[in-house]
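Worksheet for the structure shown next.
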Amino acid sequence: MSHDGDEAQSKNLLCQRCNQKPALVHFSKVVNGEKTDRYLCEDCAKEEGAYHFMLGPQFTVQHVLGGLIGQEPLGSQRSETSTKRCPHCGYTYQRFAESGRLGCDYCYQTFAPELEPLVRRLHGSVDHHGKVPVRGGRQWIQQQNLANLRMQMKKAVEREAFEEAAKLRDEIRQLEAGMESDRGNDHEI
Amino acid sequence: MKYSQWMDGTGPDADIVLSCRVRLARNLLATPFPHRMDDGQAQTMLARVEEAVHHLETGWHLTFSRLSNLTPITRQVLVEKHLVSPLLAQDPIRYEAVAIDDRESISIMINEEDHLRIQVVLPGLQLNECWKVANQLDDAMEQYLDFAFDPKSGYITACPTNIGTAMRASVMIHLPALVLTHQASQVFTTLAQLGMVVRGLYGEGSEALGNIFQISNQVSLGLSEEEFIHNLTVVTQQIVGRERHARQHLLQNAGTALADRVGRAWGLLTHARIMSSEEALRLLSEVKLGADLGLIEAPNAATYAQLIVATRPGFLQVEAGRELNPVERDQLRADYLRRLLGEQNRV
Ligand SMILES: [Zn+2]
Ligand SMILES: [Zn+2]
């Protein structure tokens, strides 16, 4: 973007935005291969300048990382982080810090301790409350159910409701068997 | 040349909200993200996704294309129609692909920053409807593909800014009166505080050409998809209300100046012989404002969104059937606009 008042003034143009005041500021910018020239008065340039400032990417990973890296304690923890590699794709945390992208889904487990404060800073939360995939989420839902049933069974035993506990135990066994065969199917896919 | 469904000017609050969009990022399990794949991995991945798309082609009316099989101008038109992101269409083209439905409201971008980006665009403010369709298509794709998902973090994405719902909902909104009355920057500052981002017509880094802005959720984790969509819908309705208020204020307090502005814009659009795309967007914005307020008759040859896309460089070159240099484009654009807008006065 160039800012040369003389050029615009010498052409004696009116501001392209308000069509009233003389254009004293010249912006030239290439967007999607298309060059655009803007000749604006000082007031309009200020107003549009505010958008340019606001329309930029405001909240990038690098931006937030910059803030976090400053807070990181120096010493053993840091050197551990810098030598850690994702066993699946070989990506390093250093490369993530440079590119803002991770290498593969497994990187999230590899760098979990480093990513958690970043994710919290980016989203204000670290817990997903949205959609669960139908097929991929089934196993997770079953695990949740299983944990629930085990809890109920424990409570039933505590208050000596043995008949109920036995019923729950059968339910748990059935669910466990179902999950085993599911896992077999997953391998086939 | 074909227009997309989202340009048809229908839908709730369509006078101010041009279109709305929901985009879901999905990645395949145990597969490096696109920037990290070697050629072999990329080919395998692409074949798996193409196979999945083939299963859905009939039911969803999808057409699968490798971007390397499309000409640069065709790719540019897809970007201008918002069916493909500038990033996906950017050179060098290697393993990028896209599946688009008949009505051009659904597109699945393959090998952008994430393996898949499922996008639904509709006219007006109907984000719930976009989410409903995107959600169904996501379920359909998941029948054939294993997506990377973690119960705690949600859907896994290449960039941690997108994890969780991995959803970006956005609206494309025309705010000429808020800009004219110098209220726009104040409104945008408030939006940033609410976790929303404002961008120009063609996404990140592009300018607010023609008083058109894209507003989207910045945060993707911690709330459900429905909650994110509800929040953006409510915020958009409030902005629409402020824009309407500002329009009435202008009409009452500076009616003649406004009518003069609109009339001049109409005069230029219907008589100029050379027109840059930037000037066209600016003038079309004023004509649209004038038509919304009843100061002039609305153009009947094409909707506002259709006129915007039809005057973009890629679209013009497809219309002309050949590559055009910038000078030729500016002339053809002026001819095209004179023809589209001038006809209604000759009745
Ligand atoms: Zn001015
Ligand atoms: Zn990895």
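When reading the values below, keep in mind they use all heavy atoms of this one structure, side chains included, and skip hydrogens, waters and symmetry mates. Sequence lines set the chain letters: A, B, ... in the order given, protein chains first and strands last, and positions in each chain run from 1.
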Does any donor atom in the side chain of [X] or [Y] lie under 3.5 Å from an acceptor atom in the other side chain?
| X | Y | result |
| --- | --- | --- |
| B:Ser276 | B:Asp330 | no |
| B:Glu226 | B:His230 | no |
| B:Glu225 | B:Thr165 | no |

Exercise for review: Give me the ring orientation class for A:Phe96 and A:Tyr93: parallel if the planes are under 30° apart, tilted from 30 to 60°, perpendicular past 60°.
Suggested key: tilted
Check your understanding: Any idea how B:Tyr155 and B:Phe147 line up, ring-wise: parallel (<30°), tilted (30 to 60°), or perpendicular (>60°)?
Key -> perpendicular
Check each atom of [X] against the heavy atoms of chain A and say whether the ones under 4.5 Å are side chain, backbone, both or neither.
| X | answer |
| --- | --- |
| B:Arg264 | neither |
| B:Thr31 | backbone |
| B:Gln143 | backbone |
| B:Asp139 | both |
| B:Leu145 | backbone |
| B:Leu29 | both |
| B:Leu223 | backbone |

**Study point:** Criterion salt bridge (Lys or Arg N to Asp or Glu O under 4.0 Å) on A:Glu164 and A:Arg159, from CA distance to verdict
**Key:** CA-CA 10 Å; A:Glu164 194 191 329; A:Arg159 52 172 208 276; 2.7 Å; yes
Review point. Are any side-chain N or O atoms of B:Glu328 and backbone N or O atoms of B:Asn325, one a donor and one an acceptor, separated by less than 3.5 Å?
Key: yes
Point to revise | Any donor-acceptor N/O pair, B:Ser220 side chain to B:Ile163 backbone, under 3.5 Å | key: yes
Practice item. Heavy atoms only, distances under 4.5 angstrom: which of A:Ser125, A:Pro133, A:Cys89, A:Cys107 has the most pairs with chain B? Name it, please. Key: A:Pro133
Chain A contacts, top residue of [options] (heavy-atom pairs, under 4.5 Å):
| options | answer |
| --- | --- |
| B:Ala158, B:Pro32, B:Pro34 | B:Ala158 |
| B:Gly164, B:Ala166, B:Ala148 | B:Gly164 |
| B:Ala30, B:Gly195, B:Ala89 | B:Ala30 |

Practice item. Against chain B, label A:Tyr108 side chain, backbone, both or neither, depending on which of its atoms sit under 4.5 Å from a heavy atom there. Key: side chain
Practice item. Could you tell me which portion of A:Arg120 (side chain, backbone, both or neither) has an atom closer than 4.5 angstrom to a non-hydrogen atom of chain B? Key: neither
Review point. Under 6.0 Å from the CD atom of A:Glu158, do we count more than 12 heavy atoms belonging to anything else shown?
Key: yes
